[in-house]
Amino acid sequence: MPSSLQLHRIHNTNPTAITTTTVNSHKKQHSHTTTTTTTTTWTIPLSNNIPEKVLHHHTHAVRPNQCCSAVVQTISASISTVWSVVRRFDFPQAYKHFLKSCQVIVGDGNVGTLREVHVVSGLPAASSTERLDILDDEKHIMSFSVVGGDHRLNNYRSITTLHTSSNGVDTVVVESYVVDVPPGNTKDETCVFADMIVRCNLQSLAQIAENLNKNNTKSPS
């Protein structure tokens, strides 16, 4: 049965404000200055039926100049099949069709590896340098951060998790992110753009994984 492509835009619902205070002391002046920074803790709403063991991975500290969102995709394929595509940090263009090429510039595919990806024409970006932060083959978790490049999505950090759906057959992919809001744009505009990219990526992932799953389950002729 093909995937229903159930995608959900998740908004910043019921955030919790946390105030962080930094004190810088100056011995010569015998005084100190206090800088107060307010961040927001953002978590996927429980109404989306995400297991608690997965939910905590999608909790982000969001600064006032950032936005955060997530997309959920159900795929009619085994978790091992979906993960075999997602975990390829060296080959994201397999399902991310806005990318035309990828080159690993530091590392061997383990945590800390850096890649440089080049974007197809028509988008407000040319390239992105990205670092692999998490790659957990047992729990099916992958996370990367954008650390450089020619683009407008500064300090972008994404985390992707896979878990088996309630029917015990399908795979649910959750991808959440936090990113700076570019100058001249609003938080809503930034989230709409980033959500569109993630949504298209996960739709493509669903098609590829389902085709792989069909091929893997075909009986020998």
### Message
With a 4.5 Å cut-off on side-chain heavy-atom distances among I, L, V, M, F, W and Y, is there a chain of contacts connecting Val117 to Ile105?
### Response
no

### Message
Membership question, hydrophobic clusters at under 4.5 Å side-chain separation (ILVMFWY): are Tyr95 and Val119 in the same one?
### Response
yes

### Summary
Value for CG (Asn211) from OG1 (Thr81), rounded to nearest 0.5 Å, stands at 11.5 Å

#### Entry: From CA spacing to verdict: side chain to side chain contact (heavy atoms under 4.5 Å, CB included), Thr160, Val173
CA-CA 7 Å; Thr160 302; Val173 182; 3.7 Å; yes

### Query
Under a 4.5 Å cut-off applied to non-hydrogen side-chain atoms, are Phe193 and Leu153 in contact?
yes

### 4.5 Å side-chain heavy-atom contact, Val85 and Leu205
yes

#### Entry: 4.5 Å side-chain heavy-atom contact, Leu162 and Val172
no

### Query
Heavy-atom distance under 4.5 Å between the side chains of Tyr177 and Ile159, does that happen here?
no

### Query
Does Ser145 reach the side chain of Glu130, with side-chain heavy atoms less than 4.5 Å apart?
no

### Query
Can you find a side-chain donor-acceptor pair between His58 and Thr161 that sits under 3.5 Å?
yes

### Task
Taking all heavy atoms of Ala77 and all of Ala209, pick out the closest pair and write down the distance.
CB-O, 3.7 Å

### Message
So, taking the atom named OG in Ser69 and the one named NE2 in His60, what distance separates them when rounded to the nearest 0.5 Å?
### Response
9.5 Å

### Message
Under 4.5 Å between side-chain heavy atoms, counting indirect links through other Ile/Leu/Val/Met/Phe/Trp/Tyr residues: same cluster for Leu212 and Val82 or not?
### Response
yes

### Task
Give a yes or no on whether the backbone of Ala70 and the side-chain of Ser176 come within a donor-acceptor separation of less than 3.5 Å.
no

### Message
Quick check: closest heavy atoms across Val86 and Met142, and the distance to 0.1 Å?
### Response
O-SD, 3.1 Å

### Message
Measuring only between side-chain heavy atoms, which start at C-beta, is Leu132 closer than 4.5 Å to Asn110?
### Response
no

### Message
Looking only at side-chain N and O atoms, does Ser128 offer a donor or acceptor that is under 3.5 Å from a partner on Glu116?
### Response
no

### Message
Here's one to test your reading of the geometry: is the NZ or CZ of Arg115 within 45 degrees of the ring axis of Phe144 and under 6.0 Å from its centre?
### Response
yes

## Note on the structure
Shortest non-hydrogen pair, Asn213 vs Ser76, comes out as ND2-O, 4.1 Å

### Message
Using every non-hydrogen atom in the two residues, find where Pro92 and Asp90 come nearest and quote the distance to one decimal.
### Response
CD-C, 3.5 Å

### Task
Would you mind checking if Arg63 and Asp180 are paired as a salt bridge, meaning a charged N to carboxylate O distance below 4.0 Å?
yes

### Query
Any donor and acceptor pair, going by atom type alone, linking the side chain of Ser143 with main-chain N or O of Ser158 inside 3.5 Å?
yes

### Query
If you round to the nearest 0.5 Å, how far is OG1 of Thr190 from CG of Asn185?
5.0 Å

### Query
Would Val181 and Ile197 show up in the same hydrophobic cluster when neighbours are defined by side-chain heavy atoms closer than 4.5 Å?
no

### Message
Could you check whether Ser127 and His151, counting side-chain N and O atoms only, form a donor-acceptor pair closer than 3.5 Å?
### Response
no

### Message
In the structure I gave you, are the side-chain heavy atoms of Phe98 and Met196 within less than 4.5 Å of one another anywhere?
### Response
yes

### Task
Would you sort out whether Val174 and Ile50 count as a side chain to side chain contact (heavy atoms under 4.5 Å, CB included), showing the intermediate values?
CA-CA 9 Å; Val174 183; Ile50 307 299; 3.9 Å; yes

### Query
Can you tell me how far the CD atom of Glu52 sits from the NE2 atom of His57, to the nearest 0.5 Å?
12.0 Å

### Message
Measuring only between side-chain heavy atoms, which start at C-beta, is Leu135 closer than 4.5 Å to Arg87?
### Response
yes

### Message
Under the side chain to side chain contact (heavy atoms under 4.5 Å, CB included) test against Arg157, which residue among Val179, Val146, Asp133 passes?
### Response
Asp133

### Query
Could you give the distance from SG (Cys102) to CD (Gln93), rounded to the nearest 0.5 Å?
5.5 Å

### Query
Where the side chain of Thr113 meets the backbone of Gly107, is there a donor-acceptor pair that is under 3.5 Å apart?
no

### Query
Taking atom types as modelled and ignoring hydrogens, do the side chains of Thr186 and Asp188 form a donor-acceptor contact shorter than 3.5 angstrom?
no

## Note on the structure
When every non-hydrogen atom of Val62 is compared with those of Cys68, the smallest separation belongs to CG2-CB, 3.7 Å

### Message
Using every non-hydrogen atom in the two residues, find where Asp136 and Trp83 come nearest and quote the distance to one decimal.
### Response
O-CZ2, 3.5 Å

### Value rounded to 0.5 Å, distance of CZ in Arg131 from CG in Leu114
7.5 Å

### Message
Are Val120 and Tyr156 linked, directly or through intermediate hydrophobic residues, by side-chain heavy-atom contacts shorter than 4.5 Å (ILVMFWY only)?
### Response
yes

